[in-house]
Amino acid sequence: MNKHFLGDTAVLLGRSLRHVTRSPDTIVTTAIMPIALLLLFVYVFGGAIDTGSDSYVNYLLPGILLITIASGISYTAYRLFLDTQGGIFERFQSMPIARSSVLWAHVLTSLVANLVSLVVVVLVALLIGFRTGAGVLGWLAVAGILVLFTLALTWIAVIPGLTAQSVDGASAFSYPLIFLPFLSSAFVPTESMPGPVRAFAEHQPVTSIVNAIRDLFTQQPVGTDIWTALAWCVGILAVAYLFATVSYRRRIS
C-alpha cells in the first residue's frame with residue numbers, strides 16, 4: 001500500500017511540476033513581491049528603523065522569507081481549485097490510484113516551488129549585503145523550520161482550494177497570512193509597539209518563528225523561541241491537515 005501511494009504521488013507530483021515549469025511566471029511572481037519589500041525596507045525605511053542590529057537586511061530577511069511562503073501558497077489553492085472545477089478529481093476516482101496521493105502531489109508541488117522562491121530571495125539578500133556566520137547545522141535548522149512552515153500553510157491552502165466557490169475566493173485567504181508578519185518582530189522590535197499591538201505581536205506564531213531563524217543566522221542562543229516556533233508549526237500543520245482531509249472526503253463523497 002505504501003509503495004502504491006508513493007508511486008501514485010510521484011506520478012501526480014510530476015504532473016503538477018510540469019504545470020509549474022510551463023508557467024515559470026508563477027515562481028517569478030511569488031518572489032517579486034517579497035524581493036520588492038526587501039529592497040523597499042532596506043533602502044527606503046531601513047535607515048529610520050533602529051533594531052540594534054549592525055545590518056538591517058540581516059534583521060529583516062527572516063520575515064521576508066515567511067512572506068515569500070505566504071505569497072506562494074495561494075497558488076496551491078488556485079491550482080487545486082482549477083482541478084476540482086475541471087473534473088480531474090472525478091477522473092482520478094475512476095482510476096486505481098491512492099486517493100490521498102492527489103492532495104499530497106499538490107502539497108509537495110507547493111513545497112518545491114516555495115523552496116525555489118526562497119532560494120531566489122536569499123540570493124538577492126546576499127547581493128544587497130546579507131551575511132551570516134551560521135554553519136551547516138544552522139542552515140539545516142533554518143531550512144527545517146521553513147519546510148515545516150511551508151507545509152503548515154500549504155495544508156491551510158488546501159481547504160479553500162477544495163471549498164471555495166470562485167478563483168478569487170480560493171486565493172484570497174492568503175492576504176491575512178501575508179499581512180501577519182507586519183504585526184510581529186519581522187520588521188521592527190516588538191518593544192517599540194503600543195501595548196495591545198505588542199501583546200498580539202509577541203504571542204502570535206510569526207514572531208517566535210522569525211526570532212528563532214534570526215538567532216540561528218546570527219549564531220545566538222535560540223532559547224525557547226525555537227521550541228515555540230516548532231510547536232506553532234507542528235500544531236498548525238496537524239489542525240490544517242485534519243480539516244483538509246475532512247474537506248477532501250466531503251468533496252469526493
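Listed by chain and number, the residues in a side-chain contact (heavy atoms from CB on, under 4.5 Å) with Phe182 are Leu37, Phe41, Ile67, Phe179, Phe187 (sequence neighbours excluded). In terms of the side chain to side chain donor-acceptor pair (under 3.5 Å) criterion, Ser208 has no residue partners (sequence neighbours excluded). For Leu40, the side-chain contact (heavy atoms from CB on, under 4.5 Å) criterion is met by Val44, Phe45, not counting sequence neighbours. For Ala164, the side-chain contact (heavy atoms from CB on, under 4.5 Å) partners two or more places apart in sequence, or in a different chain, are Phe81, Ala170. Shown here are the side chain to side chain donor-acceptor pair (under 3.5 Å) partners of Ser185, two or more places apart in sequence or in another chain: Asn211. Take Trp139 and apply the ring pair (Phe, Tyr, Trp, His ring centres under 6.0 Å) test, not counting sequence neighbours, and it matches Phe217. For Leu180, the side-chain contact (heavy atoms from CB on, under 4.5 Å) partners are Phe200, Gln204, Val206, not counting sequence neighbours.
Nearest heavy atoms, Ala152 versus Cys233: CB-O, 3.7 Å.
Atom CD1 in Ile145 sits 9.5 Å away from atom CG in Asp225 (nearest 0.5 Å). Atom-to-atom distance recorded for Leu153:CG and Ile178:CD1 is 10.5 Å, nearest 0.5 angstrom. One distance of note links OH of Tyr56 with CG of Leu38; it measures 9.5 Å at 0.5 Å rounding. Once rounded to the nearest 0.5 Å, the distance linking CG of Leu111 with CG of Leu118 reads 9.5 Å. In this structure, CZ in Phe149 is found 10.5 Å from OG1 in Thr68, a value given to the nearest 0.5 Å. The distance from the CD1 atom of Ile209 to the CD1 atom of Ile226 is 11.0 Å, given to the nearest 0.5 Å.
Side-chain contacts under 4.5 Å among hydrophobic residues (ILVMFWY), followed directly or transitively, place Leu127 with no other residue at all.
Remark: of the listed residues Ile69, Asn114, Leu115, Leu115 is the sole one forming a side chain to side chain contact (heavy atoms under 4.5 Å, CB included) with Val147.
Atom OH of Tyr78 has 12 or fewer heavy atoms from other residues, nucleotides or ligands within 6.0 Å.
You'll find the side chain of Leu146 reaches within 4.5 Å of the side chain of Leu66, heavy atoms only. Inter-residue side-chain proximity for Val107 and Val158 is flagged as met; some heavy-atom pair is nearer than 4.5 Å.
Hydrophobic clustering (ILVMFWY, side-chain heavy atoms < 4.5 Å, transitive): Tyr59 and Ile128 are in one cluster.
Each side-chain hydrogen bond (donor to acceptor under 3.5 Å, both in side chains) pair with one or both residues in residues 226-245, not counting sequence neighbours, would appear here, but there are none. For residues 142-167, the side-chain hydrogen bond (donor to acceptor under 3.5 Å, both in side chains) pairs, not counting sequence neighbours, are Ser110-Thr154. The stretch residues 184-210 participates, sequence neighbours left out, in these salt bridge (charged side-chain N to carboxylate O under 4.0 Å, His left out) pairs: Arg198-Glu202.
The main-chain N or O of Ala113 is found under 3.5 Å from a side-chain atom of Ser117 such that the two form a donor-acceptor pair.
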Margin query: Assess the residue pair Leu216 and Thr132 against the criterion (side-chain contact (heavy atoms from CB on, under 4.5 Å)); give the C-alpha distance rounded to whole Å, side-chain angles, the decisive distance to 0.1 Å, and a yes or no.
Written below: CA-CA 9 Å; Leu216 289 167; Thr132 174; over 6 Å; no
Next item on the list: Take Val57 and Arg131 through the test side-chain contact (heavy atoms from CB on, under 4.5 Å) and record every step on the way to the result.
Entry: CA-CA 9 Å; Val57 66; Arg131 297 295 181 267; over 6 Å; no
Item checked: side-chain contact (heavy atoms from CB on, under 4.5 Å) evaluation trace for Val121 with Leu61 -> CA-CA 9 Å; Val121 172; Leu61 182 61; 4.2 Å; yes
